[in-house]
J.: 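Before anything else, here's the structure in question.
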Amino acid sequence: MAATDATATGLAHGWYALSLLHGRIEAHIERALQSGHDLSVREYSLLDVLSHQHNGEGGHLRMNQVADAVVLSQSATTRLVTRLEDRGLLARYLCPTDRRGIYTDVTEAGLALLAEARPTHDAALREALDRAGQDPRLTSLVAAVETLDGPAAA
């Protein structure tokens, strides 16, 4: 086997392991959030991202920035925002300096649900990582995730 073939195979195995870890974590968190708070992982992520907005310079995200932050297409993000808006968890408004821009804020009800769901999310994440850490294929990836810290890691 040529060196490039071995590298490609190694990369493929690494990608498989990363996909496996992501799938296991997301599925575990999804079940916990759905059963405890009637939220999907995507809904939770959207509420979390939007809850960090602020009134300072660059503090509010446009829809394309929100889509990037929650790793969805713009159209899927718009549908997700609409669903959460229909539930009273988000509110949209026009950008005061550019009437073409639309911002989305988390409502008080959305903030309350997010605060209620955060411990469930965090516990489910910890459980999923602990379980995945028992799988030798995933041990190094779990360790890498555990060493990441803060928004710069995202």
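Not measured: the values here are computed from a predicted model. Position 1 is the first residue of the sequence; numbering continues from there. Atom set for the values below is all heavy atoms of this structure, side chains included, hydrogens, waters and symmetry mates excluded.
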J.: Do I102 and V70 share a hydrophobic cluster (ILVMFWY, side-chain heavy atoms under 4.5 Å, transitive)?
T.: no
J.: For R126 and L129: C-alpha separation, side-chain torsions, deciding distance, then whether side-chain contact (heavy atoms from CB on, under 4.5 Å) applies.
T.: CA-CA 5 Å; R126 180 72 266 158; L129 285 170; 3.6 Å; yes
J.: Is the shortest side-chain heavy-atom distance between H60 and Q65 below 4.5 Å?
T.: no
J.: I need the minimum non-hydrogen distance between R42 and L72, along with the two atoms involved.
T.: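 Looks like NE-CD2, 3.7 Å.
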J.: Identify the heavy atoms of S51 and V106 that sit nearest to each other, and give their distance.
T.: N-CG2, 3.7 Å
J.: Tell me which one of E116, E43, H121 satisfies side-chain hydrogen bond (donor to acceptor under 3.5 Å, both in side chains) with H37.
T.: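 The option that passes is E116.
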J.: Taking atom CD of E108 and atom CG of L89, what is their separation to the nearest 0.5 Å?
T.: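 Rounded to the nearest 0.5 Å, the CD-CG separation comes out at 12.0 Å.
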J.: Please find the pair of heavy atoms, one from A69 and one from V49, that lie closest to each other, and give the distance.
T.: CB-CG1, 3.7 Å
J.: Could you go through D105 and L50, starting from their C-alpha distance and side-chain angles, then the distance that decides it, and tell me whether this counts as side-chain contact (heavy atoms from CB on, under 4.5 Å)?
T.: CA-CA 6 Å; D105 270 340; L50 292 174; over 6 Å; no
J.: State whether the side chain of T104 and the backbone N or O of A91 hold a donor-acceptor pair below 3.5 Å, judged by distance alone.
T.: no
J.: How far does CD of Q74 sit from CG of D68, to the nearest 0.5 angstrom?
T.: 8.0 Å
J.: Hey, what do you get for CG (L61) to NE2 (H52), rounding to the nearest 0.5 Å?
T.: 10.5 Å
J.: Would you mind telling me which of I25, L21, L125 makes a side chain to side chain contact (heavy atoms under 4.5 Å, CB included) with V145?
T.: L21
J.: Under the side-chain contact (heavy atoms from CB on, under 4.5 Å) criterion, do L39 and R87 qualify, and how do the steps go?
T.: CA-CA 11 Å; L39 276 176; R87 290 175 60 185; 4.1 Å; yes
J.: Using side-chain contact (heavy atoms from CB on, under 4.5 Å), reason through L90 and L46 one step at a time and then give a plain yes or no.
T.: CA-CA 10 Å; L90 296 178; L46 180 62; 3.8 Å; yes
J.: Cluster question for you: counting only ILVMFWY and a side-chain heavy-atom cut-off of under 4.5 Å, with indirect links fine, are W15 and V142 together?
T.: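 Yes; tracing contacts between hydrophobic side chains, which count when under 4.5 Å, links both residues.
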J.: When rounded to the nearest 0.5 angstrom, what distance separates CE in M63 from OG1 in T78?
T.: 4.0 Å
J.: Under the 3.5 angstrom rule, does the side chain of T107 hit a backbone N or O of G88 as a donor-acceptor pair?
T.: yes
J.: Do you reckon Y103 sits in the same ILVMFWY cluster as V81, going by side-chain contacts under 4.5 Å, direct or chained?
T.: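 No; V81 is not reachable from Y103 via cluster members.
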J.: Is the side chain of Q34 donor-acceptor paired with the backbone N or O of R31 at a distance under 3.5 Å, no angle test?
T.: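 A pair under 3.5 Å: no.
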J.: Would you check if the side chain of R24 reaches a backbone N or O of A132 as a donor-acceptor pair within less than 3.5 Å?
T.: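 Absent.
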J.: Mind checking the CD1-CD spacing from I29 to E127? Nearest 0.5 Å is all I need.
T.: 9.5 Å
